Amino acid sequence: MEELWAVIRSYLGGIYLPEIKWADILDILIIAYILYHLFLWIKTSRAWTLLKGIIVLALFMLIAEIFKMNTILWITHNLINVLLLALVILFQPELRGALDELGRKNFVTRIFSSMNTKNAEEKGLSDRTIYELVKTCTKLGKDKTGALIVIEQDTPLGEYVSTGIQIEAVVTQQLLINIFEKNTPLHDGAVIIQKNRVTAATCYLPLTASKDVTKDLGTRHRAGIGISEVTDSMTIIVSEETGGISVAYRGTLYQELDEDGLRRQLSKLQTSADEKSTRILKRKGGQAK
């Protein structure tokens, strides 16, 4: 047995084993995390088509290099910087979405949310706001009056608020019904609610670019899904044609909701905000000790 170990040690003695530190392990984990999410993003976006195109171009360049096609090599070498800039411009929406998705990861959200406990507490929906929203949307649905209401969460909606008319009022059924009344100055566009207050009306929202959305859905529903894809907000949509109530959240559309169904969806936001606030308070309490 000792002779066997001696033989193994003699073979392993010639292998170079570098000294590995904790910084090296952390470096590898960070790179692996970035590469994993990069490949995941490529697979689920137009970048997958782009990657296949780049592979084809690389094969052409390899063939040109092997057979010394100087003209093709000169053109590609001089256009490479322009092509890289064009790719960044062409895929700006996808890159922005990828960075936004990274910013919404749990560990990133916890880091920044722990810096402002008061802000986390104010963003939760109150029982009064839920009550007013449910009653308003039920009434609008019965009257077949279209509505689009966006409820802000962690992602700020300032850039969309600036496209509308600022209101700054308490959420009430009377106010919302007056806003969405047909043929009134404020009925077109979306209402944005921040910290249990109606901040602005007639706001413009981005339309979804998803090809999975059925063509039966109109602009109001596409806008509701679109804002839910780029932010963590929840959007309530009331159809003007059918009076049906829908909710868009995290890129998913929940349709044909009744009064109880809408209340359950809104309660999820309330519960999520309460749990987040509790975690932050516990973390700060632990640090205080």
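This is a predicted model, so every value here is computed, not measured. Numbering of residues begins at 1 and proceeds along the displayed sequence.
Atom CD1 of residue I28 and atom CG of residue L35 lie 12.0 Å apart, to the nearest 0.5 angstrom. Taking CZ of R263 as the reference point, atom CD of E259 lies at 5.0 Å (rounded to 0.5 Å). Put simply, CG on L257 and CD1 on I236 are 9.5 Å apart, with the number rounded to the nearest 0.5 Å. Interatomic distance, OH of Y160 versus CG of L205, reported as 8.0 Å (0.5 Å rounding). Going from atom OG of S239 over to atom NE2 of H221 covers 5.0 Å, rounded to the nearest 0.5 Å. Once rounded to the nearest 0.5 Å, the distance linking CG of L148 with OG1 of T219 reads 10.5 Å.
Checked by atom type and distance alone, the side chain of T214 never pairs as donor or acceptor with a backbone atom of L217 at under 3.5 Å. A side-chain donor-acceptor contact under 3.5 Å links S162 to the backbone of E159. With T231 contributing its side chain and I227 its backbone, the two residues share a donor-acceptor pair below 3.5 Å. Between the side chain of N78 and the backbone N or O of I75, no donor-acceptor pair lies under 3.5 Å.
For E229 and R250, the salt-bridge test fails: no basic side-chain N is under 4.0 Å from an acidic carboxylate O. Using a cut-off of 4.0 Å between Lys/Arg side-chain N and Asp/Glu carboxylate O, R264 and D260 are scored as not salt-bridged. The pair R197-E168 meets the salt-bridge criterion, since a charged nitrogen lies less than 4.0 angstrom from a carboxylate oxygen.
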Exercise for the section: Go through R222 and V213 one step at a time and tell me if the side chain to side chain contact (heavy atoms under 4.5 Å, CB included) criterion holds. Expected result: CA-CA 8 Å; R222 291 179 178 275; V213 177; 4.0 Å; yes

Practice task
Go through T184 and I179 one step at a time and tell me if the side chain to side chain contact (heavy atoms under 4.5 Å, CB included) criterion holds.
Solution key: CA-CA 7 Å; T184 58; I179 289 175; over 6 Å; no

Problem - Check against side chain to side chain contact (heavy atoms under 4.5 Å, CB included), L266 and I151 - result: CA-CA 10 Å; L266 294 174; I151 306 167; 3.6 Å; yes

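Looking at T136 and K139, their side chains never come closer than 4.5 Å, going by heavy atoms from C-beta outward. Contact annotation: the side chain of N196 never approaches that of E132 to less than 4.5 Å [non-hydrogen atoms, C-beta and beyond]. Looking only at side-chain heavy atoms (C-beta outward), L176 and E181 stay at 4.5 Å or farther from each other. Between E152 and I193 the shortest side-chain heavy-atom distance does not fall below 4.5 Å. Q265 has its side chain out of reach of Y249: every pair of non-hydrogen atoms, C-beta onward, lies at least 4.5 Å apart. The shortest side-chain heavy-atom distance between S228 and M234 does not fall under the 4.5 Å cut-off. Side-chain atoms of L140 and I245, non-hydrogen and from C-beta on, never get closer than 4.5 Å to each other. A 4.5 Å side-chain heavy-atom check between V238 and R220 finds every atom pair outside the cut-off.
Contact between G224 and A248 at its shortest, heavy atoms only, is O-CB, 3.4 Å. Of all heavy-atom pairs between C137 and I149, the closest is SG-CD1, 4.1 Å. Residue L175 comes nearest to V170 through the heavy atom pair CD2-O, 3.6 Å, listed as atom of the first residue, atom of the second, then distance. For the residue pair E256 and S246, the shortest heavy atom distance occurs at N-OG, 4.2 Å. Shown here for T172 and R128, the closest heavy-atom pair between the two residues is CG2-NH2, 4.0 Å. Between V150 and A190, the shortest heavy-atom distance links the atoms CG2-CB, 4.3 Å.
Counting heavy-atom neighbours within 6.0 Å of K182 NZ, excluding the residue itself, gives a total above 12.
Grouping the Ile, Leu, Val, Met, Phe, Trp and Tyr side chains by contacts below 4.5 angstrom, directly or via other members, places Y204 apart from V161. Both I72 and I63 are assigned to one and the same hydrophobic cluster, defined by single-linkage of ILVMFWY side chains at heavy-atom distances under 4.5 Å. Residues L186 and F180 fall within the same hydrophobic cluster, defined by Ile, Leu, Val, Met, Phe, Trp and Tyr side chains chained together at heavy-atom separations under 4.5 Å. Put simply, L157 and L207 are part of two different groups of oily side chains (I, L, V, M, F, W, Y) that touch within less than 4.5 Å, one to the next. Put simply, L125 and Y131 are part of two different groups of oily side chains (I, L, V, M, F, W, Y) that touch within less than 4.5 Å, one to the next.
Side chains of D188 and T202: no donor on one and acceptor on the other come within 3.5 Å. Looking at T199 and Q194, their side chains do bring a donor and an acceptor atom within 3.5 Å of each other.
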